[in-house]
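Each chain gets a letter, A, B and so on, in the order its sequence line appears, and its residues count up from 1.
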2 protein chains.
Amino acid sequence: MLDFDKCPCSGSNLDRLIQPMILMNLAQEDLYGYKIVQRIADSPMFKGNKPDGTGVYRSLKAMEQRGLVVSSWSLDNTGPAKRFYHLTNVGEECLSRWLSTLEEYRKAIGMLLEDVHKACAHTKRGKGD
Amino acid sequence: MLDFDKCPCSGSNLDRLIQPMILMNLAQEDLYGYKIVQRIADSPMFKGNKPDGTGVYRSLKAMEQRGLVVSSWSLDNTGPAKRFYHLTNVGEECLSRWLSTLEEYRKAIGMLLEDVHKACAHTKRGKGD
DNA sequence: TCTGTTATAGGAGAATATCTTATGTTAGAT
DNA sequence: ATCTAACATAAGATATTCTCCTATAACAGA
């Protein structure tokens with residue numbers, strides 16, 4: 001029997017959205033990786049299962065190489081050293097582009113949802129045959 | 001300067017949704033790979049840029065191994081041989097599960113959209129400082 | 001006969017994701 | 001004083017997924 005929990009239909013992966021989530025968090029204030037992981041984990045859409053920390057760190061590094069953010073080590077020596085990230089102008093533009101992309105995503109998913117609804121009704125009727 | 005067209009913010013990849021799209025199409029009628037590619041390409045959310053055929057064929061094969069669909073070569077000998085796929089009961093269940101997953105996706109994206117909206121407004125105000 | 005469309009599919013490399021491990025700091029408990 | 005747990009970053013390795021290129025073959029129409 002198929003293990004539905006390992007099937008994408010269970011919705012475990014919506015990971016590309018971590019990028020705009022990071023940018024969105026950085027638009028509000030400069031943050032370091034660990035904090036971002038916590039913020040994302042606390043967000044309603046990620047309740048409980050926090051994102052892979054490694055992935056966030058790597059995303060941040062990649063974004064820095066692409067010029068979306070710049071980083072520097074924090075000067076306050078409270079706790080372990082933290083690398084703070086700051087959103088650049090390019091990063092802001094990228095984030096604003098995400099707006100229309102997310103709109104499109106939502107629209108696309110809405111349409112797909114409608115179609116799947118119809119299709120499910122269809123198969124249920126078909127079962128009686 | 002960053003090439004935004006190669007940035008996920010341009011929204012090229014929403015590919016995991018190809019799986020439910022395939023299932024949804026098969027819920028209506030038995031189809032073969034090439035036809036599914038066309039259907040998806042014609043759908044409003046994929047206008048123009050048709051999905052990679054290879055990917056669809058591989059998805060179908062993977063789905064068959066997981067028991068979501070079964071396939072057989074078409075008997076009518078019009079044109080090249082076609083492998084027709086048929087949705088199984090498991091496949092129907094998978095599709096119905098996609099319903100709630102897609103709802104969650106839509107909700108999550110909606111929330112993220114709101115947050116990004118706020119964040120963008122925030123940075124725009126910040127620019128004046 | 002030759003070309004374009006239909007139809008399926010493998011190979012390879014790039015990009016992503018995930019799981020494990022390593023390193024070091026610091027706060028608080030024992 | 002020492003030990004543990006939480007904080008913080010990050011590399012390594014594997015697994016999965018995507019994408020581009022290529023191969024094969026049947027057929028329709030010029």
Practice prompt. Could you give me the CA-CA distance, side-chain angles and deciding distance for A:Arg106 and A:Glu103, then say whether salt bridge (Lys or Arg N to Asp or Glu O under 4.0 Å) is met?
Written response: CA-CA 5 Å; A:Arg106 185 162 63 168; A:Glu103 284 286 11; 3.3 Å; yes
Discussion item. Pair B:Ser43, A:Met111 - check side-chain contact (heavy atoms from CB on, under 4.5 Å), show working.
Written reply: CA-CA 10 Å; B:Ser43 77; A:Met111 287 191 291; over 6 Å; no
Worksheet item: Can you list the steps and then say if A:Leu60 with A:Leu26 is a side-chain contact (heavy atoms from CB on, under 4.5 Å)?
Response: CA-CA 11 Å; A:Leu60 284 167; A:Leu26 289 177; 4.3 Å; yes
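In this structure, B:Glu64 does not pair ionically with B:Lys61, as no charged nitrogen and carboxylate oxygen lie closer than 4.0 Å.
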Worksheet item: What is the per-nucleotide protein-contact pattern of nucleotides 2-12 of chain C, from the 5' end, where B denotes a base atom under 4.0 Å from a protein heavy atom, S denotes such proximity for sugar-phosphate atoms only, and - denotes neither?
Response: ----BBBBBBB
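Pairing each heavy atom of B:Leu95 with each of A:Cys120, the nearest pair is CG-SG, 4.0 Å.
Summarising the geometry, the separation between CG on B:Leu17 and C1' on D:dC18 is reported as 15 Å, rounded to the nearest angstrom. In this entry the distance linking CG of A:Asp52 with P of C:dT18 reads 7 Å, nearest Å. The distance between atom CG of A:Leu60 and atom P of C:dT16, rounded to the nearest whole Å, is 15 Å.
No side-chain heavy atom of A:His117 sits less than 4.5 Å from a side-chain heavy atom of A:Glu114.
With sequence neighbours excluded, the residues that form a side chain to side chain contact (heavy atoms under 4.5 Å, CB included) with B:Gln38 are B:Tyr34, B:Lys35.
A donor-acceptor pair is defined here as one N or O able to donate and one able to accept, closer than 3.5 Å; such a pair exists between the side chain of B:Thr88 and the backbone of B:Leu68.
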I'd like a list of close polar pairs between nucleotides 14-16 of chain D and the protein, N/O only, cut-off under 3.5 Å.
none

